[in-house]
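As structure tokens, the structure follows; a few thoughts come after it.
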Amino acid sequence: GEPCLHRGLSASGHGRSTAYTCDVTTQAAIESFEIERKYEVDSAASLPGAPEFKAVELIAGPPETFHLHATYFDTPAADLAQRRLALRMRRGGKDAGWHLKQKNAEGARELQWPAADEMPTEVIAEIRRWIGDTVSELQPLAELRTERTIVVLRDRDGQEVVELADDSVHALDHRTGTRRAWREWEAEVLGDGDGAVLARVEPVLRAAGAVPSSSPAKIARATGQLEAVARSKGASADELQALRALDAADQEAARRLES
């Protein structure tokens, strides 16, 4: 059958809070579409406060902190990564469960199933639609432990429009045993908004020290694949060198945390 992520949505919407049902075998997955921007920040940076966001007509809610533990999966031949897919099981936070994401130029389409210790048959069936019987070769690829602080921004009408996430990530690449650590901010559209609201948020974040990130996804960063991904997209020599330096800094940060 056709992969669920290739099917059309039953309604219009962009943010995580817009949910759809997508029939896969016996259990319906929840489908959503994410539009977000990622930022690099140093350890001394602090998320802007309510006054800074009020200046761009946004109301900041109180911060909430969560501890997330995610395991990512792929085959030894990286069959999922080659299709721009990411499969994870995550515990903690507001959306714990099994997630399958597919990136495209506009954002990321995601399917979610409830949390379970074993990979649900519904997830296996969906993956099989993409990679066939090599689904049996899926194995843990990396483990990410994240301390996430969330701040929700509302507009003047009280509608939730953006979720800010301040993430401190500790990652283990199971293939090599390499550990990496970094901090990043994410700004994600909520509800049925579009990416325009992120243009209002970005100057506030940059004034607090944030810089747009060259990392397309946590799993690529956790497994040292930033340079390879960029090279496949025709990145310049300077861009590739910057990504090598970023990866070295992530590994050094992990070593400092362990010492």
### Test log, rule side-chain contact (heavy atoms from CB on, under 4.5 Å), inputs Leu190 and Val162
CA-CA 5 Å; Leu190 294 176; Val162 174; 5.7 Å; no
#### Entry: Audit row: Glu143, His170, side-chain hydrogen bond (donor to acceptor under 3.5 Å, both in side chains) steps and yes/no
CA-CA 8 Å; Glu143 184 176 346; His170 299 170; over 6 Å; no
### Task
Decide side-chain contact (heavy atoms from CB on, under 4.5 Å) for Asp247 and Arg180; before the verdict, give the C-alpha distance in whole Å, the side-chain angles of both, and the deciding distance to 0.1 Å.
CA-CA 8 Å; Asp247 186 57; Arg180 295 175 172 87; 2.6 Å; yes
### Query
After noting the C-alpha distance and the side-chain angles of Asp95 and Arg90, does the key distance pass the salt bridge (Lys or Arg N to Asp or Glu O under 4.0 Å) rule?
CA-CA 8 Å; Asp95 60 351; Arg90 186 164 73 188; 2.6 Å; yes
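Remark: Arg88 CZ to Leu141 CG distance equals 13.5 Å, nearest 0.5 Å. Between atom CD1 of residue Ile131 and atom CD of residue Glu126 there is a gap of 11.0 Å, rounded to the nearest 0.5 Å. Separation of atoms CG (Leu205) and CZ (Arg200) is listed at 13.0 Å; rounding is to 0.5 Å. If you take CD on Glu184 and CZ on Arg148, they are separated by 8.0 Å, rounding to the nearest 0.5 Å. Taking CH2 of Trp113 as the start and CD1 of Ile30 as the end, the distance is 10.5 Å to the nearest 0.5 Å. A distance of 9.5 Å separates OG1 of Thr71 from CZ of Arg91, quoted to the nearest 0.5 Å.
Salt-bridge formation is not detected for the pair Arg255/Glu258: no Lys NZ or Arg NE/NH1/NH2 atom is positioned less than 4.0 Å from an Asp or Glu carboxylate oxygen. Taking the charged nitrogens against the carboxylate oxygens, Glu40 and Arg183 have no contact shorter than 4.0 Å, which rules out a salt bridge. Between Glu34 and Arg109, none of the side-chain N atoms (NZ, or NE/NH1/NH2) sits under 4.0 Å from a carboxylate O, so this pair counts as no salt bridge. Taking the charged nitrogens against the carboxylate oxygens, Glu186 and Lys218 do have a contact shorter than 4.0 Å, which makes a salt bridge.
In this structure, Thr75 contributes its side chain and Ala78 its backbone to a donor-acceptor pair below 3.5 Å. Although no hydrogens or angles enter the test, the distance criterion places no donor-acceptor pair under 3.5 Å between the side chain of Arg221 and the main chain of Trp182. When atom types are taken as modelled, the side chain of Asp74 and the backbone of Leu80 share a donor-acceptor pair closer than 3.5 angstrom. Although no hydrogens or angles enter the test, the distance criterion places a donor-acceptor pair under 3.5 Å between the side chain of Glu239 and the main chain of Ser236. Without hydrogens or angle criteria, Asp173 side chain to Gly177 main chain gives no donor-acceptor distance under 3.5 Å. With Gln251 contributing its side chain and Ala248 its backbone, the two residues share no donor-acceptor pair below 3.5 Å. In this structure, Glu64 contributes its side chain and Gly93 its backbone to no donor-acceptor pair below 3.5 Å.
When hydrophobic clusters are built by joining Ile, Leu, Val, Met, Phe, Trp and Tyr residues whose side-chain heavy atoms come closer than 4.5 Å, directly or via intermediates, Tyr39 is grouped together with Val161. Hydrophobic clustering (ILVMFWY, side-chain heavy atoms < 4.5 Å, transitive): Val123 and Leu111 are in one cluster.
Between Pro212 and Arg37 there is no side-chain heavy-atom pair separated by less than 4.5 Å.
Among Thr149, Asp166, Asp167, the single residue meeting the side-chain hydrogen bond (donor to acceptor under 3.5 Å, both in side chains) criterion with Trp185 is Asp166.
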